[in-house]
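Please read the structure below before turning to the comments.
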Amino acid sequence: MKGFFLVWGLFQSLDFVCSESCVQAQDYVCNQIPTGYPPGLSSVVFFLRNMGEINSTVFNHTNLSSVTSLTMTQSGITAIAPGAFSQFQSLKMLNLRNNELSQISSDWFIHKEVLENLLLTNNSIKALSEDSFAGLVGLLNLNLAQNQIHTITSDSFRFLTRLRLLDLSHNKLRHLSVDTFLPLNNTKTYGMHGNPWDCSCSVNEFSLHLRDLQKASLLQNEMEVLCESPAHQRGRPVWNVSKCVNPVTDIALTTGTSQTLTPGSTNLSTIISLVGRFS
């Protein structure tokens with residue numbers, strides 16, 4: 001990647017004007033979509049603006065079959081049509097950071113099993129489902145940090161059994177079903193920090209699962225995986241919620257029993273009774 005930055009910077013500084021839209025450095029670097037590509041390419045990098053939707057004909061060239069790495073960052077991509085990357089038969093790395101995508105679909109690809117690295121940091125993705133990654137059985141690294149993800153269905157990752165890294169940091173996640181993690185037996189790094197996690201009693205199973213990840217040293221930036229709610233847990237690591245007690249409705253007694261206080265129904269005699277049991 002250093003090579004194309006040096007070449008591109010030189011052209012810019014010399015006000016170089018060229019009739020071609022691409023230059024060959026360590027990577028094949030383009031500032032617009034060309035009409036053709038030379039054979040034998042391995043890495044292609046685009047510097048584009050306001051691209052909008054990538055339809056199924058944008059990359060319709062057979063010489064793209066050898067490309068293993070495609071980078072299109074800060075290109076204003078808002079959507080990708082099914083089959084848009086069908087000519088990339090050898091594509092292992094797709095970098096779409098800093099765009100405006102709101103959805104992910106494995107239908108972008110025809111040769112799904114080849115892809116190993118999918119980088120979608122800083123887009124506008126809101127939800128994940130089974131269709132997002134269906135058939136991407138070779139995926140090793142999935143970076144979805146800095147999106148707006150608030151929903152992930154429990155079957156979203158069911159095809160990602162080889163995944164090594166999953167970065168969901170800095171999204172809008174409040175809770176995940178532990179079933180979501182079942183296919184991820186080979187995942188060694190989880191980025192879960194920067195989300196407004198709910199640590200209520202009703203979702204305590206998720207806190208316990210994160211504790212298992214933390215104990216296994218699989219949780220990235222573990223001290224930043226914090227509870228947002230309820231108020232009495234705010235700022236506490238999710239994996240460190242040791243006992244699920246609601247301070248409003250549940251009072252654990254030294255006798256080993258508990259009494260539920262319903263807001264609005266607690267009277268003075270109940271309080272005196274409870275105080276007497278602790279004295």
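Only a predicted model underlies this, so the values are computations on that prediction, with no experimental measurement involved. If you read the sequence from its start, that first residue is 1, and numbering goes on from there.
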> When rounded to the nearest 0.5 angstrom, what distance separates NZ in Lys172 from NZ in Lys126?
Replying inline: 7.5 Å
>> Would you say that Phe181 contacts Thr187 through its side chain, given a criterion of any heavy-atom pair below 4.5 Å between the two side chains?
In response: no
> Okay, side chain of Ser229, backbone of Asp198: is any donor-acceptor separation there less than 3.5 Å?
Replying inline: no
> Asn122 and Asn98: side-chain donor and acceptor closer than 3.5 Å?
Replying inline: yes
> To the nearest 0.5 Å, how far apart are CZ in Phe47 and OG1 in Thr73?
Replying inline: 6.5 Å
>> Checking the side chain of Asn147 only, and the main-chain atoms of Leu120 only, is there a donor and an acceptor separated by less than 3.5 Å?
In response: yes
> Which one of His111, Lys112, Glu113 satisfies the side-chain contact (heavy atoms from CB on, under 4.5 Å) criterion with Phe109?
Replying inline: Lys112
>> Within the structure provided, determine whether His209 and Leu176 are in side-chain contact (heavy-atom separation under 4.5 Å).
In response: no
> Is the closest side-chain heavy-atom distance between Gln214 and Val225 below 4.5 Å?
Replying inline: no
>> Are Ile33 and Phe59 packed together at the side-chain level, in the sense that at least one heavy-atom pair is separated by less than 4.5 angstrom?
In response: yes
>> Do Ser69 and Lys92 have side chains that approach each other closer than 4.5 Å (heavy atoms only, starting at C-beta)?
In response: no
> Taking the side chain from Asp27 and the backbone from Val44, do they hold a donor-acceptor pair closer than 3.5 Å?
Replying inline: no
>> Does any part of the side chain of Phe159, heavy atoms only, come nearer than 4.5 Å to the side chain of Ser132, both counted from C-beta?
In response: no
> Taking only residues two or more places apart in sequence or in another chain, which ones pass side-chain contact (heavy atoms from CB on, under 4.5 Å) with Pro82?
Replying inline: Asp107
>> Between Asn63 and Leu41 (side chain of the first, backbone of the second, donor and acceptor by atom type, cut-off under 3.5 Å), is there such a pair?
In response: no
>> Rounded to the nearest 0.5 Å, what separates atom CG in Asn171 from atom NE2 in His193?
In response: 10.5 Å
> Does the Ser106 side chain pair with the main chain of Asp131, one donor and one acceptor, at a distance under 3.5 Å?
Replying inline: yes
> If only atom types and distance count, is the side chain of Asp167 paired as donor or acceptor with the main-chain N or O of Ser169 below 3.5 Å?
Replying inline: yes
> His61 vs Tyr37 aromatic rings, parallel, tilted or perpendicular, using cut-offs 30° and 60°?
Replying inline: perpendicular
>> Going by side chain to side chain donor-acceptor pair (under 3.5 Å), name the residues that satisfy it together with Glu130, two or more places apart in sequence or in a different chain.
In response: Arg158
>> Closer than 3.5 angstrom, by distance alone: can the side chain of Arg234 be matched with the main-chain N or O of Glu228 as a donor-acceptor pair?
In response: yes
> Between the side chain of Trp197 and the main-chain N/O of Ser207, is any donor-acceptor distance below 3.5 Å?
Replying inline: no
> With Ser156, which residues qualify under side chain to side chain donor-acceptor pair (under 3.5 Å), at least two apart?
Replying inline: Thr153
>> With rounding to the nearest 0.5 angstrom, report the OG to CG distance, Ser65 to Leu91.
In response: 11.5 Å
> Is a side-chain N or O of Thr68 found less than 3.5 angstrom from the main chain of Ser90, in a donor-acceptor match?
Replying inline: no
>> Can you list, by chain and residue number, the hydrophobic cluster partners of Met93 when the side-chain cut-off is 4.5 Å?
In response: Leu119
> Who passes side chain to side chain donor-acceptor pair (under 3.5 Å) against Gln146, sequence neighbours left out?
Replying inline: none
>> Quick check for you: to the nearest 0.5 Å, what is the distance between Asp155 atom CG and Leu128 atom CG?
In response: 10.5 Å
>> Given 3.5 Å as the limit, does a donor-acceptor pair link the side chain of Ser200 with the main chain of Ser202, or not?
In response: no
>> Rounded to the nearest 0.5 Å, what separates atom CH2 in Trp239 from atom CZ in Phe206?
In response: 13.5 Å
> Given side chains that start at C-beta, do those of Ile104 and Ile125 come closer than 4.5 Å, heavy atoms only?
Replying inline: yes
>> With a 4.5 Å cut-off on side-chain heavy atoms, are Phe157 and Leu163 touching?
In response: no
Side-chain donor/acceptor pairs under 3.5 Å, residues 133-145, sequence neighbours excluded:
residue, atom, partner, partner atom, Å
Asn141, ND2, Asn117, OD1, 2.5
Asn143, OD1, Thr121, OG1, 3.1
Asn143, OD1, Ala145, N, 3.1

